[in-house]
Amino acid sequence: MRIAVLASGGGSNLGALFTHFDDPRAAAVGSIVCVGSDKSDSGALVRARSRGVSALVISDHQDGVALRSLFHEHGVDLVVLAGYLKLLPAEIVSAWPGRVLNVHPALLPAFGGAGMYGSRVHTAVIASGARVSGATVHFVNEHYDRGAIAAQWPVPVYPRDTPADLASRVLQVEHRLLPLVAEAVCAGALSLGADGRVHGHMGLAPAHPVPPGVRFCLTENDLAPRASIDADTVDADSVARAAFAYDVARLYPR
Ligand code: GRF
């Protein structure tokens, strides 16, 4: 599938998508062909240009007809919202039914909706006293954060957390979960049915062997790849990504 990514900010999720689709297994089913942003100076567009990928400035985010033509020009099959803060025009949702994904930094349906983005989300989670938060990847419909949920992953909320602490812990999980869901949709393993429900599974076999003991858990220090990994064969980050895929496959069995 040919993927368009929309982002309003720095684009760290876009960076994670680029890295993931560099992997031969993911590259076999999907590639990022253009990146769009409502901010002409966004880090996301800088990342796209540095990769030689078409960088599109969206001057009028409500002009669905113009955006649709841009996507048609690039032969887009899948649209991924990675920190895109504008509501997607109906023309895009209807032209790519079941082919638009978004990542949200909380466990929807809680802490979502219009105005719920960035530190506001994490401030609300901490204020609520919730002890678990996380990332959600969902299919997009005409409402903010209300489309069918494709996958979620939890992170702990610690009593001493600031919104920034929680945001960074959730962002690390976003960087792992969003590319896996995008790949599963590209591979046809996961889809949004005409019944409005999510069908299929996330159980993509890990790209690399997962040595025992290297497991993706919830806390930061389990996100850091272990030095004990035989770095000669596989880079530590690939093993960490594979470990996460392994646990996602366990949580979302076929
Ligand atoms: C992410 O936390 C995403 O969930 C939210 O905005 C943030 C974007 O971060 N919608 P980045 O631009 O991908 O670094």
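These figures come from a predicted structure and were not determined experimentally.
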Any residue meeting side-chain contact (heavy atoms from CB on, under 4.5 Å) with Ser191, in chain and number order, not counting sequence neighbours: His199
Nearest non-hydrogen partners of Gly15 and Arg47, listed with the distance: CA-NH1, 3.8 Å
Backbone of Asp38 reached by a side-chain donor or acceptor of Ser42 within 3.5 Å: no
Over all atoms of both residues, closest heavy-atom pair of Pro105 and Glu174: CB-OE2, 3.5 Å
Hphob cluster co-occupancy, Leu101 + Ile58, side-chain heavy atoms under 4.5 angstrom: no
Donor + acceptor pair across side chains of Thr162, Asp165 (<3.5 Å): yes
Salt bridge (charged side-chain N to carboxylate O under 4.0 Å, His left out) partners of Arg49, counting only residues at least two apart: none
Residues that Arg146 engages under side-chain hydrogen bond (donor to acceptor under 3.5 Å, both in side chains), provided they are two or more places apart: none
Glu183 side chain near Leu178 side chain, heavy-atom distance below 4.5 Å: no
Which residues share a side-chain contact (heavy atoms from CB on, under 4.5 Å) with Ser31, sequence neighbours left out: Val33
ILVMFWY cluster, Ile3 and Val140 together (side-chain gap under 4.5 Å): no
Under 3.5 Å, which donor-acceptor pairs do the side chains of residues 115-123 form with other protein atoms, sequence neighbours left out?
| residue | atom | partner | partner atom | Å |
| --- | --- | --- | --- | --- |
| Arg120 | NH1 | Gly115 | O | 2.9 |
| Thr123 | OG1 | Ser119 | O | 2.8 |

Residue pair Ala182 / Leu17: nearest heavy atoms and the distance that separates them: CB-CD2, 4.2 Å
Counterpart residues, ring pair (Phe, Tyr, Trp, His ring centres under 6.0 Å), relative to Phe71 (two or more places apart): Trp96
Verify same cluster id: Val100, Val35 (apolar side-chain graph, 4.5 Å): no
For the student: nearest non-hydrogen atoms of Lys39 and Ser8, plus distance: CG-O, 3.5 Å
Short N-O contact, Asp161 and Arg169, less than 4.0 angstrom: yes
Exercise: identify the closest heavy-atom pair between Ala150 and Val181: CB-CG1, 3.9 Å
ILVMFWY cluster, Leu107 and Val173 together (side-chain gap under 4.5 Å): no
Shared hydrophobic cluster for Phe18 and Val103 (ILVMFWY, side-chain gaps under 4.5 Å): yes
Just list the side-chain donor-acceptor pairs under 3.5 Å for residues 125-139, sequence neighbours left out, or say none.
| residue | atom | partner | partner atom | Å |
| --- | --- | --- | --- | --- |
| Ser128 | OG | Val125 | O | 2.6 |
| Ser128 | OG | Ala130 | N | 3.1 |
| Thr136 | OG1 | Ala106 | O | 2.6 |
| Thr136 | OG1 | Leu108 | N | 3.1 |
| Thr136 | OG1 | Gln152 | NE2 | 2.9 |
| His138 | NE2 | Asn102 | ND2 | 3.0 |

Residues in side-chain contact (heavy atoms from CB on, under 4.5 Å) contact with Asp60, at least two apart in sequence or another chain: Gln62, Asp63
Throw together a table of side-chain donor-acceptor distances under 3.5 angstrom for residues 76-95, partners on residues two or more places apart or in other chains.
| residue | atom | partner | partner atom | Å |
| --- | --- | --- | --- | --- |
| Asp77 | OD2 | Arg2 | N | 2.6 |
| Ser94 | OG | Ala90 | O | 2.9 |
| Ser94 | OG | Glu91 | O | 3.2 |

Shortest non-hydrogen separation from Leu14 to Ala44 and the atoms involved: CD2-O, 3.4 Å
Min side-chain heavy-atom separation Val57-Leu45 under 4.5 Å: yes
Close side-chain approach of Arg176 to Trp153, heavy-atom, < 4.5 Å: no
Spacing of NE2 belonging to His72 relative to CG belonging to Leu67, to within rounding of 0.5 Å: 10.5 Å
Residues Ser12, Leu171; criterion side chain to side chain contact (heavy atoms under 4.5 Å, CB included); working and verdict: CA-CA 9 Å; Ser12 70; Leu171 194 58; 3.6 Å; yes
Arg99 side chain near Met1 side chain, heavy-atom distance below 4.5 Å: yes
With His61 via side-chain hydrogen bond (donor to acceptor under 3.5 Å, both in side chains) - residues at least two apart: none
Partner set under side-chain contact (heavy atoms from CB on, under 4.5 Å) for Ala148, not counting sequence neighbours: Leu192, Val198
Cluster companions of Val46 among Ile, Leu, Val, Met, Phe, Trp, Tyr (side-chain spacing under 4.5 Å): none
Main-chain N/O of Gly113 paired to Asp145 side chain as donor or acceptor, under 3.5 Å: yes
Heavy-atom side-chain proximity of Ser54 to Leu56 below 4.5 angstrom: yes
